[in-house]
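Hydrogens, waters and symmetry mates are skipped; everything else that's a heavy atom, side chains included, is used. As the structure is a prediction and not an experimental result, all values here were calculated from the model.
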Amino acid sequence: MAKHYPYRIVTRRSDLTLIWRPAEDDAPDEFVVDELGALLTFPELGALQECCDRNGWELVPEGEGTLDLAVVRRWVEHPGLLDPVATVELLDAWNFFEDLSHTLKAGPPLPFQGPVHDSAYEKLFGGEPLDPASGEEAWTGEETSAVRELLRAGLDLWEQAVHGSATG
């Protein structure tokens, strides 16, 4: 039986929890959707647990992932305001939006990712690319723009998914 994990999304308006399923073999990680392809969202863990029980899914609540999209949105709108410590939120958001885009069959796609994105991702994964003291490891203007565009598209995808989501 595949394991399922709660993944909490914090926004300015509310907190919602999704069900995340890690991939098997080479398949992408994904979130659980209903039979119509709408993202399942839960305002509280009790309803999420009930949904898992109804469907025979093993829910592993330890180590629940949490992503604060309000922090991500602030950086996308005002990139100079992000505390360098919060770069982990950008990395988590990037990965979240990738999984979300693989999960949803409809919705705005994420931008094509090329070498600029690869370079920016490596710098983000390896350190503090927003800290000017990072030297060569700091993002270039082109990398910063590419990441902002990608995260903006991810935020749009999230908004569309939530407005069309189903509650378990």
At what distance, to the nearest 0.5 angstrom, does [atom1] of [X] lie from [atom2] of [Y]?
| X | Y | atom1 | atom2 | result |
| --- | --- | --- | --- | --- |
| Ile9 | Thr41 | CD1 | OG1 | 10.5 Å |
| Thr103 | Ile19 | OG1 | CD1 | 12.0 Å |
| Arg74 | Leu69 | CZ | CG | 11.0 Å |
| Arg8 | Thr17 | CZ | OG1 | 6.5 Å |

With a 3.5 Å distance limit and no angle check, can you tell me whether [X] reaches the backbone of [Y] through a side-chain donor-acceptor pair?
| X | Y | answer |
| --- | --- | --- |
| Asp34 | Leu36 | yes |
| His78 | Trp75 | no |
| Glu143 | Thr140 | yes |
| Lys123 | Ala138 | yes |
| Ser101 | Glu98 | yes |
| Ser119 | Pro115 | no |

When hydrophobic residues are tied together by side-chain contacts of less than 4.5 Å, even through go-betweens, does Val33 share a cluster with Val162?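 Yes; tracing contacts between hydrophobic side chains, which count when under 4.5 Å, links both residues.
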Within the supplied structure, the quantity of interest is the number of heavy atoms (other residues, nucleotides, ligands) at a distance under 6.0 Å from Glu77 CD; does it exceed 12? yes
Give the minimum heavy-atom separation between [X] and [Y], together with the two atoms involved.
| X | Y | value |
| --- | --- | --- |
| Leu18 | Leu48 | O-CD1, 3.7 Å |
| Leu104 | Ala161 | CD1-CB, 3.5 Å |
| Leu67 | Asp92 | CD1-CB, 3.8 Å |
| Val10 | Thr66 | CG2-CG2, 3.9 Å |
| His102 | Asp29 | CB-O, 4.2 Å |
| Trp139 | Ala120 | NE1-O, 3.0 Å |

Side chains of His4 and Val60: does their closest heavy-atom pair fall under 4.5 Å?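 Answer no - side chains too far apart.
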Hey, does Leu45 have a side-chain heavy atom less than 4.5 Å from the side chain of Pro6?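 They are in contact (side-chain heavy atoms under 4.5 Å apart), so the answer is yes.
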Selection residues 35-53 - residue pairs positive for salt bridge (charged side-chain N to carboxylate O under 4.0 Å, His left out), sequence neighbours left out: none
Is the ring pair Tyr5/Trp20 parallel, tilted or perpendicular, if the boundaries are 30 and 60 degrees?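 Judged by the thresholds at 30° and 60°, the geometry between Tyr5 and Trp20 is tilted.
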After noting the C-alpha distance and the side-chain angles of Leu124 and Val147, does the key distance pass the side-chain contact (heavy atoms from CB on, under 4.5 Å) rule? CA-CA 10 Å; Leu124 183 59; Val147 173; 5.6 Å; no
Can you tell me which residue among Phe31, Phe97, Phe96 is in a ring-ring contact (aromatic ring centres under 6.0 Å, His included) with Trp158?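 Per the ring-ring contact (aromatic ring centres under 6.0 Å, His included) rule, the option paired with Trp158 is Phe96, out of Phe31, Phe97, Phe96.
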Stepwise side-chain contact (heavy atoms from CB on, under 4.5 Å) test for Leu100 and Leu39: CA-CA 9 Å; Leu100 187 62; Leu39 188 64; 3.9 Å; yes
Determine, stepwise, if the pair Cys51 / Arg54 fulfils side-chain contact (heavy atoms from CB on, under 4.5 Å). CA-CA 5 Å; Cys51 177; Arg54 264 193 325 272; 3.7 Å; yes
Can you check side-chain contact (heavy atoms from CB on, under 4.5 Å) on Trp94 and Leu150, steps first, answer last? CA-CA 8 Å; Trp94 192 328; Leu150 177 92; 3.3 Å; yes
Taking 4.0 angstrom as the limit, do Arg21 and Glu30 come out as a salt bridge?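 Salt bridge: yes.
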Pair Glu159 + Arg73: basic N to acidic O under 4.0 Å: yes
